[in-house]
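Encoded as structure tokens, the structure appears first; notes follow it.
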Amino acid sequence: MKKIVLVVAILVMALSLAGCKPKAAEPQEKIIIGSIQDLSGGASEAGKANAWGAEYAVKVINENGGIDGRQIEIITLDCKNDLNEGINVYRKLVDEYKVDAIIGPPLSNPASGWVELSEEDQVPIVGHFADEITTTNPDTGAVYPFMYLVQPSCGQQSDAIAKFAIETLGLKTYATLYNTGNAFAKAHAIPFMKYVRDHGGSVVAEETFTWTDTDYSAQALKIVAANPEAVFLSDYANQAATAYDALRDAGFTGVILGANTLALPFPTLVKNEIHDLYFLQNYDMLNPETRCYDLHQTYMKEVGSEYPKANVGFGWDAVQVLAAALEKAKDPKDGVEVREILESTKGVEICMGDITINPATHRPTTLGMHIAVYDENNTMQILTYVEP
């Protein structure tokens, strides 16, 4: 009898222990990030590099354990640099793919269509859409709660190159030539003119064009007649190249200033010799001492590019800022919580430097801009850095 009782006791204990054995950890649900880029439109040269940078950043994060053990899935869709198409792919990412957050392109026109949608859907969007209208309401100044910019805004960038032209080059008289149909172009040109006027300079000519214009010679002749010391070009690379050639063809021999869209491959887009050209750059991509030099070298090797592209850093930086917020979140799939953490971003390491975001504007306060030129071989050289 004692034997039977002992056997039963042992069986009960064994079953009890088996029931208490900890189960293997369930794999956690993936974090899904959408990436909206221009892959086939007028800014696809930059958009493809942007997409690569974001996807490579996700790859590195996943290889290092993901976000608190969760893997990230990134889904890239093409907005074709178009407002309506941008809304279409946004809806597809949110409604069909159920993304938790979105990496946006360095394109203000498509991004302007998401400011209200992102709030309705509670989807954080982090990107390089530099026009201030993508992060704050232009009429009230109220911040759009789910939109975050991780490079200096158009106004900040324009202030940087205007400050350089006035203080370093000692120039007093300016003209502008920009695309009124491009939010990016207007948001650079208007603050540039304001900075010049506020700091003792004068704007002697303000000429514009639209997306459909292909000949800017009439505008260039008016600028030459006004005799400015410098002209500020504000648009994407193809339009800026047309503007540069129109000015040189019209006989303008002075200084030409430009946005960061005048980086490589700009010299291959113009027919005139490049001289007296100064333009903005977010990174010193050719300096081995800089933070993301290896990132750009990897890009060139993997895609066979002959030169680095700033947009690789853009995609990488946007993912780093978003990932830092996801890491802090109790639930990284909770858009409201992630949004609140993004608003308090401080000292996050990205290619441009250590970024802190102003909660009142959702734009960075700690990032300045480089001023670049081309040498006689059309190799880009960094001249100086303008503090924010």
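All values reported here derive from a predicted model rather than from experimental measurement.
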Nearest heavy atoms of [X] and [Y], plus distance in Å:
X	Y	result
P332	R70	CG-NE, 3.7 Å
I103	A54	CG2-CB, 4.4 Å
Y144	H362	O-ND1, 3.2 Å
L262	A240	CD1-CB, 3.6 Å
P106	N311	CG-ND2, 3.2 Å
H199	I166	CB-CD1, 4.0 Å

Sorted by chain and number, sequence neighbours left out, side-chain hydrogen bond (donor to acceptor under 3.5 Å, both in side chains) with K346 holds for none
State, with a plain yes or no, whether a side-chain heavy atom of [X] is found less than 4.5 Å away from one of [Y].
X	Y	answer
V336	F146	yes
N282	M369	yes
T298	W52	yes
P388	L367	no
V255	L171	yes

Are [Y] and [X] connected in a single hydrophobic cluster, I mean Ile/Leu/Val/Met/Phe/Trp/Tyr linked by side-chain heavy atoms less than 4.5 Å apart?
X	Y	answer
I355	L295	no
I341	I350	no
Y90	Y97	yes
I102	L117	yes
L77	I74	no

Under 3.5 Å, is there a donor on one side chain and an acceptor on the other for [X] and [Y]?
X	Y	value
T208	Q219	no
Q281	N260	no
Y56	E302	no
D317	Y283	yes
Q151	Q156	no
D215	S217	yes
N287	T290	no
Q37	N50	yes
E132	S153	yes

Exercise for the section: Verify the neighbour count for atom CD of E327: are there more than 12 heavy atoms of other residues, nucleotides or ligands below 6.0 Å? Expected result: yes
- Should we count CD of E63 as having more than 12 external heavy atoms under 6.0 Å? yes
Is there a donor-acceptor contact under 3.5 Å from the side chain of [X] to the main chain of [Y]?
X	Y	result
N64	V60	yes
T134	F129	yes
T168	A165	no
S202	V204	no
R248	F252	yes
D38	S44	yes

Are [X] and [Y] near enough that their ring centres are under 6.0 Å apart?
X	Y	value
Y278	F164	yes
Y236	F184	yes
F192	H188	no

Flag the pair [X] and [Y] as a salt bridge only when some basic side-chain nitrogen lies within less than 4.0 angstrom of an acidic carboxylate oxygen.
X	Y	value
K333	D100	yes
E45	K309	yes
D159	K163	no
D354	R291	yes
K328	D68	no

How long is the span from the [atom1] atom in [X] to the [atom2] atom in [Y], to the nearest 0.5 Å?
X	Y	atom1	atom2	answer
S158	L280	OG	CG	7.5 Å
L107	N81	CG	CG	4.5 Å
L264	L286	CG	CG	8.0 Å
I371	Q381	CD1	CD	14.5 Å
L326	I67	CG	CD1	5.5 Å
Y148	L322	OH	CG	11.0 Å

- request: Show your reasoning for whether side chain to side chain contact (heavy atoms under 4.5 Å, CB included) applies to L257 and V231.
  value: CA-CA 6 Å; L257 307 168; V231 181; over 6 Å; no
For C351, the disulfide (SG to SG under 2.5 Å) test, sequence neighbours excluded, returns C292
(Q) What verdict does the side chain to side chain contact (heavy atoms under 4.5 Å, CB included) test give for M285 and M380, after you've listed the backbone C-alpha separation in whole Å, the side-chain angles of each residue and the deciding distance to 0.1 Å? (A) CA-CA 9 Å; M285 297 176 289; M380 189 172 66; 3.6 Å; yes
Exercise. List the steps, then state whether side chain to side chain contact (heavy atoms under 4.5 Å, CB included) holds for I31 with Q71.
Key: CA-CA 6 Å; I31 299 168; Q71 292 287 285; over 6 Å; no
(request) Kindly determine whether V126 and V319 satisfy side chain to side chain contact (heavy atoms under 4.5 Å, CB included), including the steps that lead there. (result) CA-CA 8 Å; V126 179; V319 171; over 6 Å; no
Between D121 and the options R339, R91, K98, the salt bridge (charged side-chain N to carboxylate O under 4.0 Å, His left out) test singles out R91
| request: Let me see the working for Y374 and F279 under ring-ring contact (aromatic ring centres under 6.0 Å, His included), right down to the final yes or no. | output: CA-CA 9 Å; Y374 289 111; F279 59 99; 4.9 Å; yes
From the list T365, T135, V143, side chain to side chain contact (heavy atoms under 4.5 Å, CB included) partner of N358 resolves to T365
